[in-house]
Asker: 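Structure in structure tokens, see below.
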2 protein chains.
Amino acid sequence: MPTEICVDCPVREHALCSSLNDEGVIAFTGLCQRRCVTAGETVMWAGDESRICANLVSGVLKMVAATADGREQIVGLFYPADFVGEPYAEEHAFTVTALTNAELCTVQRRPFEHFLEEHARMENLLLQRTLRALKEARGRMLSLARLSAGEKVAGLLIDMAARAERCVRRPGLDHPVTFDLPMTRGHMADVLGMTIETVSRQLTKLKGAGVLALSGNRTVTIKDAHALRAWAAAR
Amino acid sequence: MPTEICVDCPVREHALCSSLNDEGVIAFTGLCQRRCVTAGETVMWAGDESRICANLVSGVLKMVAATADGREQIVGLFYPADFVGEPYAEEHAFTVTALTNAELCTVQRRPFEHFLEEHARMENLLLQRTLRALKEARGRMLSLARLSAGEKVAGLLIDMAARAERCVRRPGLDHPVTFDLPMTRGHMADVLGMTIETVSRQLTKLKGAGVLALSGNRTVTIKDAHALRAWAAAR
DNA sequence: CTGTTGCCTTGATCTGAAACAAGGACCCGG
DNA sequence: CCGGGTCCTTGTTTCAGATCAAGGCAACAG
């Protein structure tokens, strides 16, 4: 039977742990440690020794790549149940920072690698997730390199809406949908490889075209999902 | 003892197969089939069912992502010993095409997935390689989104020189090094998210600055590796 | 109530790279 | 030797998005 730390875990069915039987969960729990971080706190620093990995329990994290002179690019976002960290790497290549308050279930990297050896189903699930993350990263390379500002913003809105929807409603992105952006304009710019000003202008343009309504800085209503998709594909 | 197909395999020590003992190699060989492709031939089509995976034996392949209206971005290059394909995916997300004549050692996807289950060391090696590919893809996201044309070209030259060097000489990228570019200007542009013209102009600029010498379309001499690195980091 | 701070919008200007256009070098087949 | 590819370079023009600059607005502390 799973130990106490896990019984009320909100991501028990979705995180890597879902690959384990009760016995496995008990063994894994012995290696894990819960950790809470506050918004803005950095969990892993690029260049530091890769000592821990983690399953994200709640909150949102960003992974940031940076040039020597300080230009930054968000190269990954992590949501609850996602796996974070770089097993088999000696040091972290990127910095991981909390966008919101967050809760992590951390494991030491070495013991985790060893644990994988003995739990093939978890290793396999990690492989499948890594392959999916790789596919997603490649898709984003296309987007960063070849889409216009308008396409990028529209695409990101669709992604975020889908993710927000999945939490509250069944899928199907049609007819007015209202949700809160999980990030600031600045973070959107960092994800899309643009500047804050350009993101803001594109949102204003979308509003002017009657595709969106904006209220406050964070709340968005998609008034015309069809038009938004067209915008994402062609503008 | 490995079967005939493998005894003279040039990547036997570097491909996924290196994780197998002789027994494993024999079993794996039973699933494999050699296939030769000519430059320009497409090996996997985006949208097609994912039916095969492969180890690249010789040659170079590109993986291309494309928008609906035809804009393209190379999201990965494959060199000998690299693993190509999308296990656990129902269909290919990207198109893979040979840049040069190439030789592949192909496996049916399903039997391969099944084989992995029974050969944990190969699965683990694939996991490690996938993690490394993911890290590389993320690094390229930074480059695509935030570097200038000059930085991108200089960086790619350094990468290609390092890869060429590794084949002929010991590492150490100092003092004049001459090598052949493994791709056209057009491919460089597709990798870097730019146009042919801009690539060409940057090379001309590098030549003018005395950092490079160009002879013919493909042959490059790095005359000042230090300056080239500076160019990659700052221009 | 007021000053501060963080986040967002909007306007004006600038600029790097794309787009467009023309021509050169090389290769190959006939 | 010629004609037609393919690939590369170079010049000119154009434009999307960056940069610079100025406020607006809400939340919050004092």
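In what follows, every heavy atom counts, from backbone to side chain, and hydrogens, waters and symmetry copies are set aside. Sequence lines set the chain letters: A, B, ... in the order given, protein chains first and strands last, and positions in each chain run from 1.
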Asker: Distance-only, no hydrogens or angles: does the A/S58 side chain make a donor-acceptor pair with backbone N or O of A/A102 under 3.5 Å?
Answerer: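 Here the side-chain-to-backbone pair does not exist.
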Asker: For A/F179, what residues pass the ring pair (Phe, Tyr, Trp, His ring centres under 6.0 Å) criterion, not counting sequence neighbours?
Answerer: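 None.
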Asker: How does protein contact run along nucleotides 8-18 of chain C, one letter per nucleotide 5' to 3', with B for base contact, S for sugar-phosphate only, - for none, heavy atoms under 4.0 Å?
Answerer: SBBBB----SS
Asker: Counting N and O atoms only, with roles assigned by atom type, does the side chain of B/K223 sit under 3.5 Å from a partner on the main chain of B/P176, one being a donor and the other an acceptor?
Answerer: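 No, B/K223 side chain to B/P176 backbone: no donor-acceptor pair under 3.5 Å.
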Asker: Without swapping roles, check the side chain of A/R146 against the backbone of B/A65 for a donor-acceptor pair under 3.5 Å.
Answerer: no
Asker: Between B/T130 (side chain only) and B/L126 (backbone N and O only), is there a donor and an acceptor less than 3.5 Å apart?
Answerer: yes
